[in-house]
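Here's the structure we're looking at; comments come further down.
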Amino acid sequence: MDRIRIRGGRRLEGRIAIGGAKNAALPLMATGLLTQAPVILTNAPALADVATMGHLIAQHGLTVEHDRDSRRILLDGAATQFEAPYDLVRKMRASILVLGPLLARYGQARVSLPGGCAIGTRPVDLHLKGLEQMGAVIDLDSGYINATVPKGQNGGRLKGARILFPQVSVGATENLLMAATLAEGTTQLINAAREPEITDLANCLISMGARIEGVGSDRLTIHGVDSLHGTTHAILPDRIEAGTFACAGAITGGELLLEGMTLDLFGACTRSLREAGVEMIQEEDGVRTRRLNGLHGVDVMTEPFPGFATDMQAQFMALMAVAEGASMITETIFENRFMHVPELARMGARINAHGSSAIVRGVKRLSGAPVMATDLRASVSLIIAALAAEGETTVNRVYHLDRGYERIEEKLAGVGADIARLQG
Ligand code: EPZ
């Protein structure tokens, strides 16, 4: 199993190209199931999760080509089988995003329930309830979601519905948004998630002929159409990758130009980083981040966009571990997203986690140590800490990292980090 070795203490300086957003690429790939015309995605990141989604959609019967050099994904053709098997779904929960498109276009789907996840139970009840409101008949058996649209109803088509989400869900919003584009009549998604990746998905669907109003708001209105055509769509930059590098630069007292990024994509993270003492400036070709003087402890609470992103919580905590003073970090989205705490503590961080809150008391210096990656964002928080730690850190189980970060060791080495991937 690969591991990554970092020797801390180097100041990061330079430009980092920010890739296409993982959490946009995955739902965007599912739009290929909504039409048999070619869907081409550009600025596509070369990530393990993107490859998994590609295998999943290909086993449904579509042609899927991912050219890593040109960063293009082509999805073409019609689905010929409608089952998403456990061995693929268990690797990546976002597989559930094929459910809405398959039901909308083919009236049937058999998708494995995603099962457990390190950061929380992550049920899919909101996805299923919304689809049932649109006329789908859903039953669960032996770990699978069996979903059909009765032939007698609207000729086997989903029907528009008014769906109120009791809590904000990115995935449920995406699944139902895609399903509604081909439903009979109008669908309203109320209390919809507003993440930039959803706006990107809506814009792609509109370019395929979908009729969607309220894009970017928490109330989406979709007027169903009979069919969608193909498109070519550029995936928006990955705000979480960019935020991760902003924290990495800041913890080393460095200065980075995050190429392709725009400040609006950061939501509340911009304010928190600025309060912590990190300058964030929009320039022509990206966002410049630099450490002004010392780092200060800042309290954050994770919330749906435009609040502070839960996917940035672990990275920000690593930064706060060496800030002056204390900070309180509250995780409101997932019930078990503090797995980086004990690993950061091994490096000398002073963090006291109680339930959904953690008090971080900044220390002067962290010290390098062998640490274990447990999930995607926890593992990258260890790398951020290691960049400023005294001595050498080895991060084990880096396959977690490869799910969401493309060549992270190359990108960090390119701006001065002493970092290497050790095979085996
Ligand atoms: C997406 O997951 C992202 N993944 C996550 O990023 C991100 O952390 C999350 O949104 C929140 O922003 C992708 O986009 C592929 P949710 P998703 O539905 O859609 C509960 C990363 O690191 N919930 O918004 O699964 C759920 O348990 C990953 O890149 C239900 O109760 O998140 C959670 O507590 C991690 N029932 C909360 O809502 C449901 O039917 C938010 O989940 C659905 C969700």
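Counting starts at 1 for both ligands and their atoms, in listed order.
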Inset, instruction - Can you pull out the closest protein heavy atom to atom 39 (C) of ligand 1? Residue, atom name and distance to 0.1 Å, please. - result: Pro123 O, 3.1 Å

Inset, instruction - Closest by any non-hydrogen atom to atom 20 (C) of ligand 1: pick that one out of Gln167, Lys129, Arg122, Glu174. - result: Gln167

Legend entry - Lys22: numbered ligand 1 atoms lying under 4.0 Å from its heavy atoms: 21 (C), 29 (O)

Inset, instruction - Would you mind running through ligand 1 and noting each atom that sits below 4.0 Å from a heavy atom of Arg337? - result: 8 (O), 22 (O), 35 (C)

Legend entry - Option passing side chain to side chain contact (heavy atoms under 4.5 Å, CB included) with Phe245 (candidates Gln315, Met261, Lys411): Lys411

Inset, instruction - Please identify which atoms of ligand 1 are closer than 4.0 Å to at least one heavy atom of Thr310. - result: 8 (O), 11 (C), 12 (O)

Legend entry - Phe308 and Phe316 aromatic centres sub-6.0 Å: yes

Inset, instruction - State if Met53 counts as touching ligand 1 under the rule of any non-hydrogen atom under 4.0 Å. - result: no

Inset, instruction - Compute both the distance and the angle, then confirm whether Arg194 meets the cation-pi test with Phe305: under 6.0 Å from the six-membered ring centre, within 45 degrees of the axis. - result: no

Legend entry - Any N or O of Leu26 closer than 3.5 Å to N or O of ligand 1: no

Inset, instruction - Return the residue, atom name and 0.1 Å-rounded distance of the protein heavy atom closest to atom 34 (O) of ligand 1. - result: Ile333 O, 2.6 Å

Legend entry - Where ligand 1 meets Val124 - atom numbers and elements under 4.0 angstrom, heavy-atom basis: 39 (C), 40 (O)

Inset, instruction - Specify the protein heavy atom at minimum distance from atom 19 (O) of ligand 1: its residue, its atom name, and the distance to 0.1 Å. - result: Gly171 N, 2.8 Å

Legend entry - Part of Val170 within contact of ligand 1 (heavy atoms, under 4.0 Å): both

